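Everything below concerns the one structure shown next.
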Amino acid sequence: MDRRIQYTKKVIKETCIELLSEKDITKVSVSELCKKADINRATFYRYYLDIFDLLSKIEDEFVEELKNSYKDYNTKDNELYDYILALLKTCLNNKKLVKILFYSKNSISFLDAILEDAYTRFKDKWQSEVKDLNEEDIEYATVYIFNGTLGIVNYWIQNDFNEDIENLTNTIVNLSYYGTRKFIYKK
């Protein structure tokens, strides 16, 4: 892709994120975005249908970044730890966007792709480790871990990313593997 096109798209996306950090998506107009990004409307419409299409593409790119973030982590002993740590690092590197995505009135359905990926990733691992584990048990475990993790990550975001990500990752892994009993009643 031409560097000028890359630059233009980058400016449009950054401006959109900046505007969305100030107001709801329904209050952001293409005209306002173009004025702030110092581009004309024809340039915007060359790449995007509207603000919602732009946000959708930003979400898609972020999901790809999340998926790619843990490709380098393949240590089988600590796979869940590495997986979660990579996701949290990516969130930390995209604070403004993550806050928008989690706080927006839109659904956080972009995370469905991450759930599907997590399910696929850990299904084979768990089935090889526990021979009598059935598909339904794996689905329950994945949904439990994902939704619990999502709640913790949401809490972390609401508290302005104040927890160290290694500590947060350990908390999520321990809660995922051992549940709340072992977490609450530490000895």
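Since the structure is predicted, the reported quantities are computational estimates derived from the model, not experimental observations.
- For the 3.5 Å distance criterion, the side chains of Thr43 and Asn40 qualify, holding a donor opposite an acceptor.
- Asp38 CG: 12 or fewer foreign heavy atoms inside a 6.0 Å radius.
- Using a distance-only test at 3.5 Å, with no hydrogens or angles considered, a donor-acceptor pair links the side chain of Thr8 to the main chain of Arg4.
- To the nearest 0.5 Å, the span separating CG on Asn94 from CD on Glu61 amounts to 10.5 Å.
- Under a hydrophobic-cluster definition in which Ile, Leu, Val, Met, Phe, Trp and Tyr are linked whenever side-chain heavy atoms come within less than 4.5 Å, directly or via other members, Ile100 and Leu92 are assigned to the same cluster.
- The pair Glu32-Lys36 does not meet the salt-bridge criterion, since no charged nitrogen lies less than 4.0 angstrom from a carboxylate oxygen.
- Of the inter-residue distances, the one linking Asn167 atom CG with Ile172 atom CD1 reads 11.0 Å to the nearest 0.5 angstrom.
- Linking Ile, Leu, Val, Met, Phe, Trp and Tyr residues whenever their side-chain heavy atoms come within less than 4.5 Å places Ile17 and Ile25 in a single cluster.
- Checked against the 6.0 Å centroid criterion, the rings of Tyr48 and Phe44 qualify as a close aromatic pair.
- Not one N or O on the side chain of Asp24 forms a donor-acceptor pair closer than 3.5 Å with the backbone of Lys27.
- Taking CG of Leu101 as the start and CZ of Phe62 as the end, the distance is 6.5 Å to the nearest 0.5 Å.
- Just one of Ile152, Ile145, Thr171 meets the side chain to side chain contact (heavy atoms under 4.5 Å, CB included) condition when paired with Ser176; it is Ile145.
- With a 4.5 Å cut-off on side-chain heavy atoms, Tyr144 and Glu139 do not count as touching.
- In this structure, Glu65 CD and Cys91 SG are separated by 9.5 Å, a value rounded to the nearest 0.5 Å.
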Pair Lys13, Glu18 - check salt bridge (charged side-chain N to carboxylate O under 4.0 Å, His left out), show working. CA-CA 9 Å; Lys13 290 172 188 171; Glu18 187 178 327; over 6 Å; no
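- Sorted by first and then second residue, the side chain to side chain donor-acceptor pair (under 3.5 Å) pairs with a member in residues 147-160 read Lys99-Asp160; sequence neighbours excluded.
- Under the side chain to side chain contact (heavy atoms under 4.5 Å, CB included) test applied with Val28, the options Leu54, Leu55, Thr15, Leu20 reduce to a single match, Leu20.
- A pairwise comparison of heavy atoms in Cys34 and Arg41 identifies SG-CA, 3.8 Å as the closest pair.
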